[in-house]
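The structure presented is a predicted model; accordingly, all values stated were derived computationally and were not measured.
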Amino acid sequence: MSKHVKLYSGSRKTAKATANIQAGNGKIKINKVPVELITPKVARDVIVTPLLLVGDLRDKVDIDVKVKGGGFMSRSEAAAIAISRALVDWSKSSELKQSILEYNKHLLVGDPRRTEPKKFGGRGPRKRKQKSYR
């Protein structure tokens, strides 16, 4: 017998996250580590944000997230996006979707901003070496 599993994705910069949600009792794991043990605290707070918005639905589901690439903040934001999408689809509640969108729309639709690459003839994307014509 095959088990039907639905995966939800989220990405931020170069970090990619995939969330699996199923009925359970509130266990949230990021790369097989409970979310309570994730460090630094700033990253943990970003991951937990959608869980605070859903209220008691958090205690009825187990979520496993696999995250690869990027730094710790982009990983945590990618995980938060994947968790938000999974919770909205699991609950099938338009009220939950609206509350998440009102709090922070990037938890559902993502944030495509990237660092502007350095260009030739300068030290950065916009900065150029000063030149005097005297």
### Task
Would you check if the side chain of K41 reaches a backbone N or O of D45 as a donor-acceptor pair within less than 3.5 Å?
no
### Query
Any donor-acceptor pair under 3.5 Å linking the side chain of R12 with the backbone of D111?
yes
I want to check something: taking the side chain as every heavy atom from C-beta on, are [X] and [Y] in contact at a cut-off of under 4.5 Å?
X   : Y    : result
K66 : N31  : yes
Q22 : V61  : no
K13 : M73  : no
T49 : L107 : yes
I30 : I47  : yes
L51 : I28  : yes

Is there a chain of hydrophobic side chains (I, L, V, M, F, W, Y, each step under 4.5 Å between heavy atoms) that links [X] to [Y]?
X   : Y   : answer
L52 : I21 : yes
V46 : I38 : no
L37 : F72 : no

With a 6.0 Å cut-off (strictly less than), is the heavy-atom count around [atom1] of [X], excluding the residue itself, greater than 12?
X    : atom1 : result
K105 : NZ    : no
K16  : NZ    : yes
R123 : CZ    : no

Exercise: identify the closest heavy-atom pair between [X] and [Y]:
X    : Y    : value
K27  : D62  : N-OD1, 2.9 Å
S84  : P50  : OG-CB, 3.2 Å
S76  : A43  : CB-O, 3.5 Å
G10  : I81  : CA-CG2, 3.7 Å
G124 : R128 : O-NH1, 3.6 Å

### Query
Is the shortest distance from a Lys or Arg side-chain nitrogen in R126 or E116 to a carboxylate oxygen in the other one below 4.0 Å?
yes
From [X] [atom1] over to [Y] [atom2], what is the distance, rounded to the nearest 0.5 angstrom?
X    : Y    : atom1 : atom2 : answer
R114 : S74  : CZ    : OG    : 9.5 Å
R75  : K68  : CZ    : NZ    : 10.0 Å
I83  : I100 : CD1   : CD1   : 10.5 Å

Donor-acceptor contacts under 3.5 Å from residues 88-97 side chains, at least two apart:
{"residue": "D89", "atom": "OD2", "partner": "K6", "partner atom": "NZ", "Å": "3.2"}
{"residue": "D89", "atom": "OD2", "partner": "Y8", "partner atom": "OH", "Å": "2.5"}
{"residue": "S91", "atom": "OG", "partner": "L87", "partner atom": "O", "Å": "3.1"}
{"residue": "S91", "atom": "OG", "partner": "V88", "partner atom": "O", "Å": "3.3"}
{"residue": "S91", "atom": "OG", "partner": "S93", "partner atom": "N", "Å": "3.4"}
{"residue": "K92", "atom": "NZ", "partner": "D89", "partner atom": "O", "Å": "3.3"}
{"residue": "S93", "atom": "OG", "partner": "E95", "partner atom": "N", "Å": "3.3"}
{"residue": "S93", "atom": "OG", "partner": "L96", "partner atom": "N", "Å": "3.1"}

### Message
Let's go through V48 and V35 carefully: what are the C-alpha distance in whole Å and the side-chain angles of both, what is the deciding distance for side chain to side chain contact (heavy atoms under 4.5 Å, CB included) to 0.1 Å, and is it a yes or a no?
### Response
CA-CA 8 Å; V48 174; V35 73; 4.1 Å; yes
